Colleague: 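One structure, pasted below without further comment.
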Amino acid sequence: MTLTLNLPAASGALAPYSLRGDVPVKPRAGIAFNRIAYSAAHVVADPLAAVDPWLQAAVDWDATLGYRRHLWSLGLGVAEAMDTAQRGMGLDWPTSLELVRRSLDAAKDVPGALVASGCGTDHLDIDKVKGVDDVIRGYEEQMAAIEALGGKLIVMASRALARVATSPADYERVYDRILSQARQPVLLHWLGDMFDPALAGYWGSQDVDTAMSTALGIIAAHPDKVDGIKISLLDKDKEIAMRRRLPPGVRMYTGDDFNYAELIAGDGHGSEPTHGQSDALLGIFDAIAPAAGAALGELAQGNVDRFHAILGPTVPLSRHIFAAPTRFYKTGVVFMAWLNGHQSHFTMVGGQQSTRSLVHLAELFRLADAANLLEQPALAVHRMKTLLALHGLE
């Protein structure tokens, strides 16, 4: 039976839309990936908590951990307590640390489960941060807490550092201190200002090439302490240029939610495998997890055309979810989880479900269908109709 509903267009006019009816792709079991792939996972809010959502974070722990088990079952790792989890955008440090603890505990029951956890400075009162020594102490506090749990670190870009640093040397000093102390190789994190305006000029320069040289110098000084770097600049050429300049064995983890398919597939440049391909640490992998797992399995078997056939149709959806203002992408990620039955409600930490329009979400629904990502079509239609009714369209 064809599933049809009326959806608003950009003009605001309603028009009937019928689902394609294609069966969502699923990964084949037992295939080891030849890329490391982390999904930056969202948190599920507790809609029944008696809190003020703009001021307090209330998490549904069972649903949140259930989603991480879903990601692990598809072969994906979990990048925990990152911006996709609304870190520093509704999710505070104490709740983030509890999230890290619970995820690491849950991963013990899943053979081969990968977890890397965000370490930042978001617990600091940014108005009281006077210099880089305060930033270092902030990083060290979170670093110690996560490492005490046995966690692998993702050293997140710091708003506080971006605010107080006066030169690239300040970044070099901070990262030299943190990397020198790390118990195991870390992932570095370069988030562009399209994701967070407070990170403009990171690494000490507004010029991306100059900033990149500073970051590469820091990595070159500590190659044994850096597993890789995730960059989210939405510029594939900048990522490729940096990838080719990394020390041998240091990985580029693409954070490019516009061009991930071709960056992961790679161009085969150079004699070092890590210079010619990207691994992945992506927020969009939360929303397209089944397709991501299936595509990576095909790539591991040398089926490059099949890899692109599966992942290519997800790119228009990702570009829509991450459209400007890009920092609101998390709303689309949680909307997908709700449509697909991974949570019972469309409510977010901080009330962030309100950051995208009904027209935006209607187009997201169409693109998810076109990418074969509606796992339970009848449920998705029912929930989309519920949202339409909430907006007065019954």
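Note: hydrogens, waters and symmetry copies are ignored here, and every other heavy atom, side chains too, is used. Quick caveat: nothing in here was measured; it's all calculated off a predicted structure.
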Colleague: Would you call Asp279-Arg35 a salt bridge at under 4.0 Å N-O?
Modeller: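 Looking at Asp279 and Arg35, the cut-off is not met.
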Colleague: Is the His123 ring parallel, tilted or perpendicular to the Trp93 ring (thresholds 30°, 60°)?
Modeller: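 His123 vs Trp93 ring planes: tilted.
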Colleague: Below 30° counts as parallel, above 60° as perpendicular, anything between as tilted: where do the rings of His70 and His342 land?
Modeller: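 Taking His342 first and then His70, their aromatic rings sit tilted (interplane angle of 30° to 60°).
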Colleague: Minimum heavy-atom separation for Pro313 and Ala371, please, with both atom names.
Modeller: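 What the structure gives for the nearest pair is O-CB, 3.4 Å.
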Colleague: Would you find a donor on one side and an acceptor on the other, under 3.5 Å apart, between the side chain of Asn303 and the backbone of Leu299?
Modeller: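 Such a contact is absent between Asn303 side chain and Leu299 backbone.
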Colleague: Between Glu147 and Lys152, does at least one N-O distance fall below 4.0 Å, as a salt bridge requires?
Modeller: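 Looking at Glu147 and Lys152, the cut-off is not met.
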Colleague: Could you check whether Asp196 pairs with Arg159 (Lys NZ or Arg NE/NH1/NH2 to Asp/Glu carboxylate O, under 4.0 Å)?
Modeller: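 Salt bridge: yes.
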Colleague: Determine whether a donor-acceptor pair (N or O, by modelled atom type, separation under 3.5 Å) exists between the side chain of Ser158 and the backbone of Thr121.
Modeller: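 Pair absent, no side-chain N/O of Ser158 close to backbone of Thr121.
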Colleague: Between Glu394 and Lys385, is there a side-chain N and carboxylate O pair less than 4.0 Å apart?
Modeller: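 No, this pair does not count.
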Colleague: With a 4.0 Å cut-off, would you call Asp193 and Arg327 a salt bridge?
Modeller: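 Arg327 and Asp193: not salt-bridged.
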Colleague: Are the charged groups of Lys230 and Asp256 less than 4.0 angstrom apart, N to O?
Modeller: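 No salt bridge links Lys230 with Asp256.
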Colleague: Name the orientation class of the two ring planes belonging to Trp338 and Phe346 (parallel below 30°, tilted from 30 to 60°, perpendicular beyond 60°).
Modeller: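 If you compare the ring of Trp338 with that of Phe346, the planes turn out parallel.
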Colleague: Decide, yes or no, whether a salt bridge links Glu141 with Arg137 under the criterion of side-chain N to carboxylate O below 4.0 Å.
Modeller: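 No, this pair does not count.
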Colleague: Please work out whether the ring planes of Trp190 and Trp203 are parallel, tilted or perpendicular, with thresholds of 30° and 60°.
Modeller: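 The rings of Trp190 and Trp203 stand perpendicular, inter-plane angle above 60°.
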Colleague: Whether Asp133 and Arg173 form a salt bridge (side-chain N of Lys/Arg under 4.0 Å from carboxylate O of Asp/Glu) is what I want to check.
Modeller: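 Result for this pair is yes, salt bridge flagged.
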Colleague: Please tell me if the side chains of Asp83 and Leu191 come closer than 4.5 Å, counting only heavy atoms from C-beta onward.
Modeller: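 Heavy-atom side-chain distance check passes, below 4.5 Å.
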Colleague: Between Lys238 and Asp209, is there a side-chain N and carboxylate O pair less than 4.0 Å apart?
Modeller: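 Yes.
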Colleague: Is it the case that atom CG in Asp305 sees more than 12 heavy atoms from other parts of the structure closer than 6.0 Å?
Modeller: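 Count not over threshold, so no.
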Colleague: For residues Tyr202 and Tyr171, establish whether the separation of their ring centroids is below 6.0 Å.
Modeller: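 So the answer is yes for these two rings.
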Colleague: More than 12 non-hydrogen atoms from neighbouring residues, nucleotides or ligands closer than 6.0 Å to NE2 on His382, yes or no?
Modeller: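 Counting neighbours around NE2 of His382, 12 or fewer heavy atoms of other residues, nucleotides or ligands fall under 6.0 Å, so no.
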Colleague: Are Tyr329 and Ser318 close enough that a side-chain donor and a side-chain acceptor fall under 3.5 Å?
Modeller: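 No, because no side-chain N or O of Tyr329 sits under 3.5 Å from a partner of the opposite role on Ser318.
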Colleague: Check this for me, if you would: do Arg366 and Glu363 make a salt bridge, where the nitrogen-to-carboxylate-oxygen distance has to be below 4.0 angstrom?
Modeller: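 Salt bridge between Arg366 and Glu363, a charged N being under 4.0 Å from a carboxylate O: yes.
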Colleague: Got a salt bridge between Glu140 and Arg177, using NZ or NE/NH1/NH2 to carboxylate O under 4.0 Å?
Modeller: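 Salt bridge between Glu140 and Arg177, a charged N being under 4.0 Å from a carboxylate O: yes.
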Colleague: As a quick check of understanding, evaluate side-chain hydrogen bond (donor to acceptor under 3.5 Å, both in side chains) for Thr331 and Thr355, giving each step before the final call.
Modeller: CA-CA 7 Å; Thr331 302; Thr355 65; 2.5 Å; yes
Colleague: Which residue is it: Arg69, Glu98, Glu80? I am looking for the one with a side chain to side chain donor-acceptor pair (under 3.5 Å) to Ser103.
Modeller: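 That would be Glu80; it is the only one of Arg69, Glu98, Glu80 passing the side chain to side chain donor-acceptor pair (under 3.5 Å) with Ser103.
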Colleague: Do side-chain atoms of Arg319 reach the backbone of Asp257 as a donor and acceptor pair under 3.5 angstrom?
Modeller: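 Checking the backbone N and O of Asp257 against the side chain of Arg319, no donor-acceptor pair under 3.5 Å is found.
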